[in-house]
Novice: 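The following block contains the structure, expressed as structure tokens.
As the structure is a prediction and not an experimental result, all values here were calculated from the model.
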Amino acid sequence: MSFPASFLDELVARSDIVDVVSDYVHLTKKGSNLFGLCPFHSEKTGSFSVSPDKQIYHCFGCGKGGGVINFIMEEENLSFPDAVRFLAKRANLEVPEEQGNREASHLRQRVLSLNKDAARFYYQTLQSHAGQAVQDYLNRRKITRRTAVRFGMGASIDTWDALISAMTERGYTKAELLAAGLAVQGKGGRIYDKFRNRLMLPVIDVRGDVIGFGSRVLDGSEPKYMNTSETITYSKRRALYALNLAKKSKRPNIILCEGNLDVVTLHQAGFDNAVASMGTALTVEQIRLLSRYTNEIIICYDNDNAGKLATERALQLLNHSEFNVRVLQLPNRIVDGKSLKQDADDFIKFQGPEAFERLLNGSENSVEYRMTVIGGKYDLSTDAQKVEYSKEISALLATLDNPAEREIYANRAAALCGISSQAILSEAKRTYYTRRKSARAKQLRKDLNPALELQPKERAARYENLRSARAEEGIIRLLTLDSALFLPDPPIQPEQFSSPLLAKAYQQLLHCAQEGLNFGISALAETLSGEEMNHIASILQQPEARANRGQALQDYIHIIKEEAGRRSNDSSVDPLTAAIEKNKEKKQYGGKLNG
């Protein structure tokens with residue numbers, strides 16, 4: 001264990017899971033548990049459960065679960081040691097570091113410090129004569145000095161080692177420069193600056209740390225945009241450019257853009273609620289981050305084909321989420337009789353902030369946007385195209401659960417194409433109920449195969465002996481509910497378990513009980529993978545009768561020993577015969593533990 005068990009015990013005792021989770025999720029008490037919208041996937045109905053008694057969380061939607069340390073690991077994208085430090089700081093506890101932890105923590109802090117000093121170096125370069133080319137570029141883009149300072153913009157010059165030289169003089173090592181993604185190692189072993197001849201845009205997280213950089217080249221070379229690679233501090237899936245500024249906005253929503261410079265221009269024009277994803281499509285992790293600061297997202301991607309595809313992907317990801325989602329479609333700009341695409345930066349420069357505000361106020365909801373996109377694909381002056389249009393519109397309307405919504409949008413589509421709204425609505429209803437029937441059939445197949453539902457999702461952790469494993473799950477529940485049943489001498493050993501995962505969990509929990517420690521499931525956070533922890537949490541959230549625990553324990557032990565004996569006997573049986581018998585057993589299994 002990386003930290004003393006006594007320290008972890010005290011840390012978990014001081015970090016009540018309800019208090020910690022409430023910093024991220026609005027919880028409502030229902031019975032003995034609390035429920036809220038899951039922070040790990042998009043949903044409109046809260047399926048995220050927190051148990052104060054068991055000190056665990058579990059989402060019935062996506063399956064995520066664990067203890068308080070796991071929650072911080074998942075939510076803050078931290079390693080186990082860093083999550084422990086995060087909670088220790090919150091609880092005002094001093095962390096007793098071991099050598100391995102000290103080194104990992106030291107490297108992370110050094111990289112953050114290096115990023116901050118690199119940002120200062122780039123900033124100072126921009127203010128000097130060496131940064132004139134970048135300053136000229138900013139002038140052409142009409143980015144003011146005040147805006148550049150607010151975003152901490154800088155310049156990297158067109159040399160191989162300007163940053164390396166400056167940072168090594170400050171005491172940073174080449175290994176640290178490589179770890180921060182600020183330097184690149186060539187084939188010959190020589191390292192050089194990653195960012196050269198570029199406008200530099202530091203990426204600052206919501207805590208104010210410089211976690212990485214975005215950049216834009218000044219000449220026509222490729223790549224035009226370059227970001228920090230994945231590092232100990234930076235993950236593009238979890239970063240949103242300018243969220244550190246947008247979170248302070250008085251506006252009621254957040255505008256999601258494609259490019260960093262679109263965000264800069266919007267902020268300069270008074271739209272200080274704009275953010276951008278870092279060179280990748282919108283991710284679940286970024287949605288989780290946004291959910292802390294708003295319940296309405298306005299997608300404002302470029303109006304080219306790539307932007308439209310990105311918008312559709314984002315809408316699919318945000319579907320059934322708690323967000324109110326709107327789409328701001330930027331019109332093309334007419335130049336010399338030609339229609340040209342434009343992004344938010346172009347629109348602000350040529351049409352002005354007032355025109356953008358009008359577009360913002362008139363932005364469409366996700367259904368209206370999709371209907372507009374579909375309408376643009378067909379020539380509705382021909383009957384054949386009208387039929388194809390009505391089919392695609394009906395398929396879209398079939399995704400809506402609300403009958404009133406289906407009828408409203410069916411009327412709009414009918415008015416556009418000249419087909420009766422009843423025809424479109426009938427097709428939409430037919431598709432809707434076909435999908436519902438298919439979903440029910442799929443669920444029924446699951447219900448009729450309980451053995452499949454009881455298996456861990458991670459293939460490597462699948463149960464070989466389901467009857468024994470179900471009893472082993474019961475043993476683990478009893479151990480967390482009443483450890484006195486297992487003291488001073490455990491009535492069963494981990495070696496008798498059929499499931500390696502359950503044996504590992506039991507062994508660690510049993511050790512904690514024998515040592516008089518109470519940090520429960522958090523004891524597993526360091527050694528189990530996320531998927532494994534999700535499964536253990538799902539086991540612990542299942543009910544276990546408080547009465548007659550002693551008898552329940554004996555029943556579970558009997559099953560485990562009986563199945564262990566069968567496995568021992570099977571080892572002397574012909575493998576083909578054993579496989580046939582095992583298959584018969586799986587087919588006959590209906591969720592009963594006692595055979």
Novice: For Lys504, is there any backbone N or O sitting under 3.5 Å from a side-chain donor or acceptor partner on Gln507?
Specialist: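 Side chain of Gln507 to backbone of Lys504, a donor-acceptor pair under 3.5 Å: no, none is there.
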Novice: Can you name the salt bridge (charged side-chain N to carboxylate O under 4.0 Å, His left out) partners of Arg370, sequence neighbours left out?
Specialist: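 Here the qualifying residues are Glu312.
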Novice: For Tyr433, check ring pair (Phe, Tyr, Trp, His ring centres under 6.0 Å) against everything at least two apart and list the hits.
Specialist: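 In terms of ring pair (Phe, Tyr, Trp, His ring centres under 6.0 Å), with neighbours along the sequence ignored, Tyr433 is linked to no residue.
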Novice: Take the angle between the ring planes of Tyr24 and Phe71 and call it parallel below 30°, perpendicular above 60°, tilted in between.
Specialist: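 Ring orientation, 0 to 90° scale: perpendicular.
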Novice: Checking Gln514 now: which residues fulfil side-chain contact (heavy atoms from CB on, under 4.5 Å) with it, not counting sequence neighbours?
Specialist: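 Partners of Gln514 by the side-chain contact (heavy atoms from CB on, under 4.5 Å) criterion, ordered by chain and then number, come out as Leu487, Pro490, Leu510.
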Novice: Tell me every residue that passes side-chain contact (heavy atoms from CB on, under 4.5 Å) with Asn402, counting only those two or more places apart in sequence or in another chain.
Specialist: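 In terms of side-chain contact (heavy atoms from CB on, under 4.5 Å), with neighbours along the sequence ignored, Asn402 is linked to Ala404, Glu405.
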Novice: Can you tell me if Asn253 and Asn273 form a side-chain donor-acceptor pair at under 3.5 Å?
Specialist: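 Asn273 and Asn253 do have a side-chain donor-acceptor pair below 3.5 Å.
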Novice: Please check this pair: side chain of Ser538 against backbone of His535, looking for a donor-acceptor N/O pair closer than 3.5 Å.
Specialist: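 Such a contact is found between Ser538 side chain and His535 backbone.
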Novice: Is a side-chain donor or acceptor of Glu515 paired with a backbone partner of Cys512 at a separation under 3.5 angstrom?
Specialist: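 Looks like no, no N/O pair under 3.5 Å.
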Novice: Pairs under 3.5 angstrom only: tabulate donor-acceptor contacts from the side chains of residues 44-52 to other protein residues two or more places apart or in another chain.
Specialist:
residue	atom	partner	partner atom	Å
Ser47	OG	Glu43	OE1	2.5
Ser47	OG	Glu43	OE2	3.4
Ser49	OG	Asn33	ND2	3.4
Ser51	OG	Lys54	N	3.1

Novice: Atom CG of Leu243 and atom CD1 of Ile204: how far apart are they, to the nearest 0.5 Å?
Specialist: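 Leu243 CG to Ile204 CD1: 11.5 Å, rounded to 0.5 Å.
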Novice: State whether Arg567 and Glu563 are salt-bridged, where the test is any N-O pair (Lys NZ or Arg NE/NH1/NH2 against Asp/Glu carboxylate O) under 4.0 Å.
Specialist: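 Result for this pair is no, no salt bridge flagged.
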Novice: With a 4.0 Å cut-off on N to O distance, would you call Arg470 and Glu473 a salt bridge?
Specialist: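 A salt bridge links Arg470 with Glu473.
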Novice: Does a side-chain heavy-atom distance below 4.5 Å link Phe323 with Ser291?
Specialist: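 When only atoms from C-beta onward are counted, Ser291 and Phe323 do touch, with a gap below 4.5 Å.
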Novice: For the side chain of Ser249 and the backbone of Ala246, is there at least one donor-acceptor N/O pair under 3.5 Å apart?
Specialist: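 The answer is no, because no donor-acceptor pair under 3.5 Å joins these two groups.
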Novice: Under the side-chain contact (heavy atoms from CB on, under 4.5 Å) rule, collect the residues that match up with Ala552, sequence neighbours excluded.
Specialist: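 Once residues adjacent in sequence are excluded, the partners of Ala552 under the side-chain contact (heavy atoms from CB on, under 4.5 Å) criterion are Leu478, Glu544, Tyr556.
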Novice: Not counting sequence neighbours, which residues clear side-chain contact (heavy atoms from CB on, under 4.5 Å) with Asn115? List them please.
Specialist: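 Asn115: side-chain contact (heavy atoms from CB on, under 4.5 Å) contacts with Val111, Ala180, Leu182, Val210, Phe213, Thr233.
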Novice: Between Glu464 and Ser498, is there a side-chain donor-acceptor contact under 3.5 Å, judged purely by atom types and distance?
Specialist: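 No.
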Novice: Indicate whether the side chain of Gln551 and that of Asp555 have a donor and an acceptor atom separated by less than 3.5 Å.
Specialist: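 Judged by distance alone, the side chains do pair up.
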Novice: Check whether any side-chain N or O of Ser468 sits under 3.5 Å from a backbone N or O of Asn465 as a donor-acceptor pair, and report yes or no.
Specialist: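 Pair absent, no side-chain N/O of Ser468 close to backbone of Asn465.
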Novice: Looking at Val18, is its backbone amide N or carbonyl O close enough to the side chain of Ser22 to form a donor-acceptor pair, meaning the two atoms are under 3.5 Å apart?
Specialist: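 Yes: the side chain of Ser22 pairs with the backbone of Val18.
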Novice: I'd like to know if Glu296 pairs up with Arg326 as an ion pair, taking the criterion as any Lys NZ or Arg NE/NH1/NH2 lying under 4.0 Å from an Asp or Glu carboxylate oxygen.
Specialist: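 Yes, charged N to carboxylate O under 4.0 Å.
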Novice: Could you list the residues that satisfy salt bridge (charged side-chain N to carboxylate O under 4.0 Å, His left out) with Asp482, not counting sequence neighbours?
Specialist: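 Here the qualifying residues are Arg549.
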Novice: Quiz question: by atom type and distance under 3.5 Å, do the side chains of Gln109 and Ser113 form a donor-acceptor pair?
Specialist: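 No, no side-chain donor-acceptor contact under 3.5 Å.
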Novice: If you draw the axis of the six-membered ring of Tyr432, does the NZ or CZ of Arg406 fall within 45° of it and under 6.0 Å from the ring centre?
Specialist: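 Yes, Arg406 sits over the ring of Tyr432.
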Novice: Please tell me whether Gln286 and Arg237 have a donor and an acceptor in their side chains that are separated by less than 3.5 angstrom.
Specialist: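 Checked: Gln286/Arg237 side chains show no N/O donor-acceptor pair below 3.5 Å.
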Novice: List in chain and number order the residues that pass salt bridge (charged side-chain N to carboxylate O under 4.0 Å, His left out) with Arg238, two or more places apart in sequence or in another chain; answer none if no residue qualifies.
Specialist: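 Not a single residue meets the salt bridge (charged side-chain N to carboxylate O under 4.0 Å, His left out) criterion with Arg238.
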Novice: Using the test salt bridge (charged side-chain N to carboxylate O under 4.0 Å, His left out), find all partners of Arg90 that sit at least two apart in sequence or belong to another chain.
Specialist: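 If we apply the salt bridge (charged side-chain N to carboxylate O under 4.0 Å, His left out) test to Arg90, skipping adjacent residues, the hits are Asp23.
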Novice: Does Phe497 have any ring pair (Phe, Tyr, Trp, His ring centres under 6.0 Å) partners at least two apart in sequence or in another chain, and if so, which?
Specialist: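 Residues passing ring pair (Phe, Tyr, Trp, His ring centres under 6.0 Å) with Phe497: Tyr506.
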Novice: Checking Ser6 now: which residues fulfil side-chain hydrogen bond (donor to acceptor under 3.5 Å, both in side chains) with it, not counting sequence neighbours?
Specialist: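 Once residues adjacent in sequence are excluded, Ser6 has no partner under the side-chain hydrogen bond (donor to acceptor under 3.5 Å, both in side chains) criterion.
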Novice: Please work out whether the ring planes of His58 and Phe60 are parallel, tilted or perpendicular, with thresholds of 30° and 60°.
Specialist: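 Ring orientation of His58 relative to Phe60: perpendicular.
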Novice: Give a yes or no on whether a salt bridge exists between Arg207 and Glu76, defined as a side-chain N under 4.0 angstrom from a carboxylate O.
Specialist: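 Counted as a salt bridge, because a side-chain N and a carboxylate O are separated by less than 4.0 Å.
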